[in-house]
Amino acid sequence: MAYQDLREFMRKLEKEGELKRIREEVNPILEITEVVQRLCRPGARNEEKSRLEAGATRNVALLFERPKGSRVPLLINAFGSVRRMAMALEVNELDEVAERIQGFLKMDSPQGLFDKIKMLPKLAELGSFFPKSVKTGACKEVVHQGNDVNLFDFPILKCWPQDGGRFITFPLVFTNNPETGKRNVGMYRMQVYDERSTGMHWQTQKHGAEHFRRARAKNPEGRIPVAVAIGSDPATALSGMLPIPPDLDEMMFAGFLRREPVEMVPCETNELEVPANAEIVLEGYVNLSELRTEGPFGDHTGFYSLEGEYPVFHVECVTHRKEPIYLTTVVGPPPQEDFYMGYAVERVFLPVMKMQYPEIVDVAMPAEGIFHNLMIVAIRKSYPGHARKIMNAIWSLGQAMFTKVIVVVDHDVDIHNYNEVVWKTLCALDPERDVQFSLGPVDTLDHAARLQDYGSKMGIDATRKWASEGFTRPWPDEILMDEATKKRVDALWKSLALDPR
Ligand SMILES: Cc1cc2nc3c(=O)[nH]c(=O)nc-3n(C[C@H](O)[C@H](O)[C@H](O)COP(=O)(O)O)c2cc1C
Ligand SMILES: [Mn+2]
């Protein structure tokens with residue numbers, strides 16, 4: 001059974017020792033961030049065990065029961081470890097989700113009748129994940145309209161000292177494509193300007209921004225309806241960050257992840273639908289002619305993203321559950337909670353990449369690469385120029401287009417061992433020959449790019465070079481001891497008395 005809502009996930013976290021309640025009053029202005037920092041940094045996957053052994057504070061989810069200035073409790077770091085991400089998706093290992101996706105991808109275009117019949121149960125299963133419209137739901141337990149709406153009822157964080165204000169950091173932003181009517185859901189931060197308006201940080205290449213541009217092209221003076229859900233069952237809450245193609249409904253994907261359809265309820269004041277189990281819903285609109293300065297904001301690059309001009313969301317109605325829980329997260333110097341979300345995306349979508357490019361053996365995105373700055377790719381190289389072909393493929397693959405540096409290595413490099421990657425990459429490199437530059441769209445948050453949203457990328461071909469690529473010298477073998485010698489030393493080992501006693 002899927003988690004029915006955020007509370008059920010919270011109870012599970014608490015039962016498993018993965019959540020701690022904070023009864024002290026703590027200020028959502030900066031203080032909560034600082035508490036979270038002391039739990040989750042440094043705390044990269046590999047370090048976790050040694051930190052625990054050293055008696056470091058445990059990286060757990062936190063429920064602040066008394067955030068200063070609000071009656072609403074605040075949940076943070078709920079997804080801030082590989083274990084909690086796996087719990088959120090109800091698997092033991094994230095690879096299990098990847099295997100399920102692979103199962104569906106394999107059922108491509110069956111030829112014979114029997115193949116078609118064999119596929120039916122899978123297709124029916126897929127159909128059973130479609131979101132389901134229901135009349136009403138828990139998110140409607142309390143309704144505030146008009147002057148009754150006050151965003152400051154909620155313990156919205158000011159995360160870092162130079163932030164331009166308080167930011168809603170874990171929203172699901174709902175819009176419909178003005179041309180196709182198809183739904184999009186994205187996680188885009190929202191700077192609170194006053195009781196009833198916020199920024200809408202739709203980065204240029206994201207689907208929400210595309211909806212805005214298409215609607216504006218039709219009617220520059222008009223507005224589009226927008227709804228925001230905060231806090232839902234974990235798969236639904238996470239679906240807003242998934243890099244899936246435009247017009248593919250994130251709510252369908254959430255249904256697939258939780259193996260149960262997401263129940264959707266109509267908004268009170270516009271035609272959009274939101275998850276029935278949401279803790280808090282904001283309904284309103286964005287004027288197509290209005291932009292306002294947004295930021296600065298301490299971002300996941302570990303630097304402040306600069307001020308920019310973004311659309312404004314006007315809130316007309318707030319609905320919430322009785323005693324709602326405010327779900328949020330902090331981004332900042334890596335690794336933070338969003339690293340684990342990104343890591344789950346990397347693992348879950350690997351089969352999709354492999355399906356399109358079967359030569360890809362594995363990919364790794366180190367936390368310090370902030371998702372878009374560095375991707376290490378291992379390939380089974382089978383023709384000259386293959387590494388460069390994969391770079392170009394990645395630069396044209398959905399949000400992987402943002403990847404600033406791609407390092408392509410041979411299939412026998414353990415790309416999750418960054419020491420090995422550095423060693424073998426540098427050894428395989430003739431820099432002038434093996435580095436390739438390209439121009440294209442870059443992440444809006446890249447502050448080093450020559451222009452916002454546009455800049456250069458670098459690919460490093462760190463594979464073994466072939467004669468067919470013009471490399472005429474012999475390529476040396478990697479040094480490895482032979483098995484017979486290893487066995488003989490195994491037999492000798494004890495008598496050498498070299499192990500610590
Ligand atoms: C915590 C967090 C905050 C994010 N904030 C933003 C943001 O402010 N603006 C943005 O465009 N993307 C942001 N993203 C990334 C988007 O959620 C992600 O690119 C998503 O795929 C966008 O959905 P879309 O493809 O439907 O546009 C954020 C991601 C996370 C995990
Ligand atoms: Mn989308």
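Whatever order the structure lists ligands and atoms in, that order sets their numbers, starting from 1. This one's a predicted model, so the numbers in the text were calculated from it and none came from an experiment.
- Scanning for side-chain contact (heavy atoms from CB on, under 4.5 Å) contacts around D153 gives N150, with sequence neighbours left out.
- Protein heavy atom nearest atom 7 (C) of ligand 1, with residue, atom name and distance: H201 ND1, 3.3 Å.
- To the nearest 10 degrees, the angle centred on the Mn ion (ligand 2) between ND1 in H207 and OD1 in N184 reads 100°.
- From the protein, the heavy atom lying nearest to atom 12 (N) of ligand 1 is K206 NZ, 3.1 Å.
- Y188 and W202 have perpendicular rings, their planes meeting at more than 60° on a 0 to 90° scale where under 30° would count as parallel.
- For residue E250, an N/O/S atom approaches the Mn ion (ligand 2) to within less than 2.8 Å.
- Heavy-atom proximity to V185, at under 4.0 Å, picks out these atoms of ligand 1: 26 (O).
- Taking each heavy atom of R214 and P178 in turn, the nearest pair found is CB-CG, 3.7 Å.
- Of the N or O atoms in Q399, one or more lie within a sub-3.5 Å distance of an N or O in ligand 1.
- Ranked by closest heavy atom to atom 20 (C) of ligand 1, the top entry among G186, P243, G240, P171 is G240.
- For CD of E16, the number of neighbouring non-hydrogen atoms (other residues, nucleotides, ligands) closer than 6.0 Å is greater than 12.
- Residue-to-ligand polar distances keep M341 apart from ligand 1: every N/O pair is separated by 3.5 Å or more.
- Rounding to the nearest 0.5 angstrom, the gap separating the OG atom in S197 from the CD atom in Q191 is 10.0 Å.
- In this structure, atom 2 (C) of ligand 1 lies nearest to the protein heavy atom M187 SD, 3.7 Å.
- To the nearest 0.5 angstrom, F9 atom CZ is 9.5 Å from L327 atom CG.
- When only interatomic distances are considered, the shortest N/O to N/O separation between T329 and ligand 1 does not fall below 3.5 Å.
- Side chains of T169 and V331 form no contact here, defined as non-hydrogen atoms less than 4.5 Å apart.
- Contacts between E250 and ligand 1, counted as non-hydrogen atom pairs separated by less than 4.0 Å, involve the side chain only.
- Relative ring orientation between Y285 and H314 is described as parallel, the plane-to-plane angle staying below 30° on a 0-90° scale split at 30° and 60°.
- Inclusion of L242 in the set of residues having an N or O under 3.5 Å from an N or O of ligand 1 is warranted.
- Numbered from 1 in the order shown, with element, the atoms of ligand 1 that lie under 4.0 Å from a heavy atom of N184 read 26 (O).
- Taking the six-membered ring where the residue is Trp, the centroids of F170 and F79 are separated by under 6.0 Å.
- For L172 against A237, the heavy-atom pair with the smallest separation is CD2-O, 3.4 Å.
- Ligand 1 has no nitrogen or oxygen under 3.5 angstrom from a nitrogen or oxygen of W202.
- On a distance-only criterion, D338 and ligand 1 share no N/O pair closer than 3.5 Å.
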